[in-house]
Chemist: 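Structure below; questions to follow.
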Amino acid sequence: MDFLKTLNPQQREAVTTTEGPVLVLAGAGSGKTRVITYRIAYLIESCGVRPGNILAVTFTNKAAAEMKERIEKLIPPERYASSPLISTFHSFCVRLLRRNLHLLGGNYTNDFTIYDTDDQAKIVKSCLKDLHIDEKMLPPRNAQFAISGAKNHGQDWESFLKSNDPKKATIGRVFKLYEERLAANNALDFDDLLLKSVRILRKFPEVQEYYNNWFRYILIDEYQDTNPPQYALIRLLTQKQQNLCVVGDPDQSIYRFRAADIKNILDFENHYPGAKLIKLTENYRSTKTILSAANTVIKNNKERKEKDLFTANSEGEKIHYYQAGSGEAEADFIVNEILRWRRSHLGAEAQAAVLYRTNAQSRVLEEACRRVGLKYVLVGGFSFYQRAEIKDVIAYLKLVLNHTDAVAFERVINTPPRGIGKTTLDALFENSRREGLTCWENLGRMIEENRVQARAANALRAFKSLIEALTEQAEHLSQADLLKAVIKQSGYAKWLEDERSEDAEARLLNLEELVSAAAEAELRGETIRDFIDHAALVADTDALREDAQVTLMTIHAAKGLEFPLVFVAGMEEGLFPHQRSVASAVEMEEERRLFYVALTRAKKQLFITHAEWRRQYGDEVYNEPSRFLAELPLERLENRSRGDSWLARKNDDTRKRFIAVSGGNPEAGRAAAPKPAMTVYNSVDNVRDFFKMQQARKAAAAPASGSNYGYRQPEPEPKRSPAGTSGGFKAGDRVRHDKYGTGLILKREGDKLVINFPGYGVKKFVEAAAKLEKI
DNA sequence: CTGATAGCGGTTTTT
DNA sequence: CCGCTATCAG
């Protein structure tokens with residue numbers, strides 16, 4: 001085994017300790033993926049394990065695909081009759097359930113359908129509606145989240161119903177109905193895939209025995225991100241033998257919000273007594289500077305196993321720090337630095353990534369890239385195939401190929417609008433459910449039996465013949481031509497053309513792009529089915545990544561990746577750490593781990609930036625610099641900001657303190673006169689102050705009306721003020737709202753009143769007079 | 001049935 | 001700012 005020679009002693013031990021439970025605590029950039037792939041190759045080539053007896057579990061499908069590729073390079077698959085199963089927990093469970101779900105009885109068969117998050121949301125909403133629960137009392141999102149969380153923590157709806165907390169009890173009712181609906185539809189949500197698998201393995205020893213004999217060597221990657229059902233599954237699969245190897249890094253556990261339990265990795269040695277612990281602490285990725293910053297930051301976490309990474313790599317450049325005025329200025333700085341970097345680095349060395357906490361931050365960055373003509377890839381945002389117009393047209397294709405596809409049917413029956421409204425559709429779906437017919441069958445039935453109004457019947461008939469005509473054309477048209485036919489004959493093109501908006505034009509262009517994609521697919525010899533399947537596999541940004549000059553993504557999406565040049569943007573209180581995490585110590589530690597993940601993505605050069613203010617939800621929000629900045633080793637930072645900045649002051653303070661201690665003159669060491677203090681507005685009260693200040697400034701610029709000199713600022717008067725509008729209210733007025741209580745009018749934007757209600761935040765009202773009274 | 005608009009709320013993410 | 005929903009007039 002030549003490849004063992006390329007490993008360090010710890011890595012080699014992790015690869016060759018094949019019997020019994022093994023815990024590999026692998027630091028960032030320590031060659032974790034390499035260890036896993038080599039271990040699989042070692043088991044097959046040196047230990048004579050049949051590849052089919054190996055199961056490797058990864059966190060994402062992409063990671064699984066990459067691992068497969070790497071293994072095939074190490075061991076030629078043609079030499080073996082079987083290959084190791086490399087999959088995510090979920091796809092493994094789908095395989096298991098496609099063989100065994102019928103064992104659970106009831107309505108379940110092995111042909112179950114899988115509900116994604118959108119389907120799930122639809123069901124939850126319909127449950128809330130049918131239980132007459134006001135969406136304001138229990139937002140569907142919250143209910144969905146609570147149900148999923150409960151399922152992942154092993155709670156059932158009964159425990160919720162018994163709760164004394166009325167809110168929990170309400171969730172229990174929704175939970176119960178939700179579960180009944182899924183069962184009635186022979187459908188499983190993502191959580192069920194795991195839970196039902198666990199239940200089957202528990203309930204049917206012969207099934208468990210079967211899988212225990214099948215998978216004799218099990219490897220789990222990113223073990224710190226496993227949740228309770230996944231742990232239960234692993235336990236059940238390793239009942240008979242314990243050749244289990246888990247690999248992970250507790251410092252990179254960032255999925256608590258979806259029930260990942262860091263205790264799984266921290267307590268592994270208790271769960272599997274006699275487990276061998278191997279630590280990989282040499283980092284091969286980053287410079288000493290970057291690694292030291294990451295180490296310094298993560299040390300602030302209390303709940304962690306001590307683990308200091310080291311590297312033989314060079315010291316590298318200092319970490320560059322930049323404080324921008326606005327979010328836009330921050331983005332401009334970043335793109336300019338990327339352009340500069342690209343002047344001296346080529347190919348893989350030129351790869352850059354901009355990381356941020358929330359997806360909302362991507363927009364300014366995208367705009368900045370477009371301004372300077374930088375090609376970028378946005379990971380995690382809406383991909384091309386997720387756009388409504390693309391999904392609509394694809395749904396037409398699906399329906400043409402398969403008339404029983406109910407989801408596609410529902411999507412296109414009134415898109416573009418063709419006079420088939422809610423009443424008609426409700427009747428149609430209700431009828432289908434009652435008589436056990438597909439929507440398509442029922443469509444014909446309803447027309448024949450005159451069950452609907454004449455106008456609706458005509459619309460239904462038109463839709464039916466449209467689909468039938470397209471079905472016929474599908475026989476002889478090329479893929480691209482069929483797609484064109486769909487776009488034209490469905491009226492989709494006309495619908496968009498008539499809209500005459502910029503947005504509609506962009507949508508038409510997207511559809512054109514889809515047609516050329518179909519033509520290309522056909523040239524590659526793919527069928528229309530392949531084309532549709534491909535559209536369903538959303539995250540295929542890999543092809544784009546090759547020629548992309550920058551990758552924009554959230555830090556979550558960046559886990560497992562590395563780039564020579566990395567920017568961590570938006571280092572501001574409220575953003576990162578996120579507002580929702582500041583109240584809890586546990587969540588703050590998770591935010592810090594997230595920062596740690598961000599820092600350790602960088603190989604050569606790291607930039608850390610923040611802005612004094614940025615537009616959030618349309619308002620100018622002033623944020624304080626992130627507390628995490630202060631946790632960085634300041635001596636490793638180079639200040640790139642012009643003028644006043646958080647870092648400049650920090651350094652200034654340090655110098656003053658030093659001079660004070662040594663008895664010198666504090667002013668002597670100052671390079672420049674201090675800049676006027678930056679005012680930080682980040683709380684409700686400060687917003688009010690900020691507004692007062694703005695008002696004062698405005699008043700100074702525009703003399704009071706009636707004066708004869710100077711000029712007046714053209715007031716943005718509303719063009720028309722319909723009766724009952726916000727007229728009569730002005731900034732500074734105190735008002736009462738029937739729901740939010742008393743508030744202060746901050747400003748007026750045309751017809752809109754912007755009001756701050758203490759405890760509820762800033763609200764906007766257009767047709768406000770009805771609900772507001774002056775006090 | 002459709003389109004306009006007032007009101008409102010808004011993490012992170014994969015399967 | 002953006003997207004969703006309830007509501008209402010046409």
Side-chain angles (χ1 to χ4, degrees), chain A residues 57-64 87-94 114-117 120-121 125 129 134-136 139-142 145 148 152 188-194 222 225 227 229-230 254-260 327 355-361 363-364 379-382 388 414 416-425 453 455-456 459 499 503 538-539 553-559 574-582 587 590-591 593-594 597 614-621 722 724-726 737 739-740 749 751-753 760-771:
Chain A
V57 181
T58 58
F59 193 66
T60 64
N61 282 320
K62 215 184 102 215
S87 83
T88 62
F89 274 107
H90 292 269
S91 37
F92 171 78
C93 288
V94 171
I114 302 168
Y115 278 172
D116 67 16
T117 326
Q120 205 181 2
K125 267 185 202 163
K129 204 174 168 188
D134 188 357
E135 291 200 355
K136 293 197 177 70
R141 261 185 83 89
N142 290 8
F145 189 77
S148 175
N152 281 320
L188 302 181
D189 64 21
F190 287 134
D191 304 321
D192 282 335
L193 296 176
L194 294 160
E222 308 283 12
D225 288 319
N227 65 19
Q230 289 166 341
I254 53 176
Y255 283 101
R256 206 182 83 91
F257 70 91
R258 61 184 213 228
L355 310 182
Y356 38 83
R357 178 64 232 268
T358 66
N359 274 318
Q361 288 163 262
R363 255 192 47 187
V364 265
V379 178
F382 277 107
N414 201 33
R418 46 173 70 90
I420 303 169
K422 203 176 167 308
T423 327
T424 316
L425 284 182
Q453 302 259 318
R455 197 155 45 139
E499 207 177 299
D503 180 59
V538 277
M553 59 190 150
T554 63
I555 302 164
H556 282 92
K559 200 171 74 159
L575 245 195
F576 194 18
H578 195 274
Q579 195 61 53
R580 296 283 282 251
S581 306
V582 291
E587 293 200 26
E590 176 132 328
E591 293 283 312
R593 289 194 292 271
L594 199 52
V597 169
R614 66 177 67 241
R615 210 167 280 286
Q616 275 173 304
Y617 303 141
D619 289 326
E620 289 171 11
V621 177
T725 324
S726 36
H737 183 271
K739 181 175 166 195
Y740 303 115
E749 291 174 353
D751 285 352
K752 290 184 190 172
L753 285 178
Y760 290 95
V762 177
K763 304 277 171 206
K764 281 185 192 174
F765 293 90
V766 181
E767 199 55 47
K771 288 197 169 180

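Naming convention: chains lettered A, B, ... in sequence-line order (proteins, then strands); numbering from 1 in each chain.
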Chemist: Examine C:dC2: is either OP1 or OP2 under 4.0 Å from a nitrogen or oxygen in the side chain of A:Arg363? Give yes or no.
Modeler: yes
Chemist: Which part of the nucleic acid, if any, lies within reach of A:Asn414 when heavy atoms closer than 4.0 Å are counted: base, sugar-phosphate only, or nothing?
Modeler: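 Sugar-phosphate only.
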Chemist: Determine the contact category for A:Ser581: base if any of its heavy atoms lies under 4.0 Å from a base atom, sugar-phosphate if only primed atoms, P, OP1 or OP2 are that close, otherwise nothing.
Modeler: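 Base contact - A:Ser581 has a heavy atom under 4.0 Å of at least one base atom.
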Chemist: Please work out whether the ring planes of A:His90 and A:Phe190 are parallel, tilted or perpendicular, with thresholds of 30° and 60°.
Modeler: perpendicular
Chemist: How long is the straight-line distance from OG1 of A:Thr58 back to CD of A:Glu222, given to the nearest 0.5 Å?
Modeler: 9.0 Å
Chemist: Would you classify A:Arg614 as touching base, sugar-phosphate or nothing, given that sugar-phosphate means primed atoms plus P, OP1 and OP2, and contacts are heavy atoms under 4.0 Å?
Modeler: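 No contact.
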Chemist: Nearest to the side chain of A:Thr60 - B:dT14, C:dC1, B:dT11?
Modeler: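 Of the options given, the side chain of A:Thr60 lies nearest B:dT14.
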Chemist: By nearest atom, which of the nucleotides B:dT12, B:dT13, B:dT15 is closest to the A:Tyr255 side chain?
Modeler: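 Looking only at side-chain atoms, A:Tyr255 lies closest to B:dT13.
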Chemist: Counting just side-chain N and O atoms, does A:Thr554 come under 4.0 Å of either OP1 or OP2 of B:dT13?
Modeler: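 Affirmative; the distance criterion is met.
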Chemist: A:Gln361 CD to B:dT11 C1': how many Å, rounded?
Modeler: 11 Å
Chemist: Please report, rounded to the nearest Å, how far the P atom of B:dG9 is from the CD atom of A:Gln579.
Modeler: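 Atom-to-atom, A:Gln579 to B:dG9, this comes out as 17 Å.
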Chemist: Would you kindly compare A:Glu591 and A:Ile420 by the position of their nearest DNA chain B nucleotide and give the one closer to the 5′ end?
Modeler: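 Result: A:Ile420.
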Chemist: Rounded to whole Å, how long is the line connecting atom CZ of A:Phe59 with atom C1' of B:dT15?
Modeler: 9 Å
Chemist: Syn versus anti for B:dT12, judged by chi lying within 90° of 0?
Modeler: anti
Chemist: Check every atom of B:dT15, B:dC1, B:dT13 against the side chain of A:Thr424 and return the nucleotide holding the closest atom.
Modeler: B:dC1
Chemist: Can A:Lys559 be said to sit on top of A:Phe59's aromatic six-ring, NZ or CZ under 6.0 Å from centre and within 45° of the ring axis?
Modeler: yes
Chemist: Would you indicate what A:Arg455 reaches in the nucleic acid, counting non-hydrogen atoms under 4.0 angstrom: base, sugar-phosphate, or nothing?
Modeler: nothing
Chemist: With nearest nucleotides of DNA chain B determined for A:Pro417 and A:Asn142 from heavy-atom distances, which residue corresponds to the more 5′ nucleotide?
Modeler: A:Pro417
Chemist: Checking A:Asp225 side chain against A:Ala260 main chain: does a donor-acceptor pair fall under 3.5 Å?
Modeler: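 Side chain of A:Asp225 to backbone of A:Ala260: no pair is present.
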Chemist: So, A:Phe257 and B:dT12: ring centres less than 5.5 Å apart, planes less than 30° off, yes or no?
Modeler: yes
Chemist: Using a 4.0 Å heavy-atom cut-off across all strands, classify A:Lys125 as base, sugar-phosphate, or nothing.
Modeler: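 Here A:Lys125 touches the backbone only, sparing every base.
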Chemist: Could you give the CZ-to-P distance, from A:Arg141 to B:dT13, as a whole number of Å?
Modeler: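 Spelled out: CZ on A:Arg141 to P on B:dT13 is 11 Å.
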Chemist: Can you tell me the distance, in whole Å, between the NE2 atom of A:His556 and the P atom of B:dT13?
Modeler: 7 Å
Chemist: Take A:Glu591 and A:Arg357, measure what salt bridge (Lys or Arg N to Asp or Glu O under 4.0 Å) needs, and give me the verdict at the end.
Modeler: CA-CA 9 Å; A:Glu591 293 283 312; A:Arg357 178 64 232 268; 2.4 Å; yes
Chemist: In whole angstrom, what separates A:Glu590's CD from B:dT11's C1'?
Modeler: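 Roughly 11 Å, once rounded to whole Å.
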Chemist: What is the distance from atom OG1 of A:Thr554 to atom CD of A:Gln361, rounded to the nearest 0.5 Å?
Modeler: 10.0 Å
Chemist: Rounded to the nearest angstrom, tell me the gap between atom CE in A:Met553 and atom P in B:dT14.
Modeler: 12 Å
Chemist: Measuring from the side chain of A:Thr423 (C-beta onward, heavy atoms only), which nucleotide among B:dC1, B:dT15, B:dT12 has the closest atom?
Modeler: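 Side chain of A:Thr423 sits closest to B:dC1.
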Chemist: When you measure from the side-chain N and O atoms of A:Asn359 to the phosphate of B:dT13, is any distance below 4.0 Å, counting only OP1 and OP2?
Modeler: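 Affirmative; the distance criterion is met.
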Chemist: B:dT2 C1' sits how many Å from A:Leu425 CG, rounded?
Modeler: 14 Å
Chemist: Hey, does the side chain of A:Ser91 come within less than 4.0 Å of B:dT15's phosphate (OP1/OP2), counting only N and O?
Modeler: no
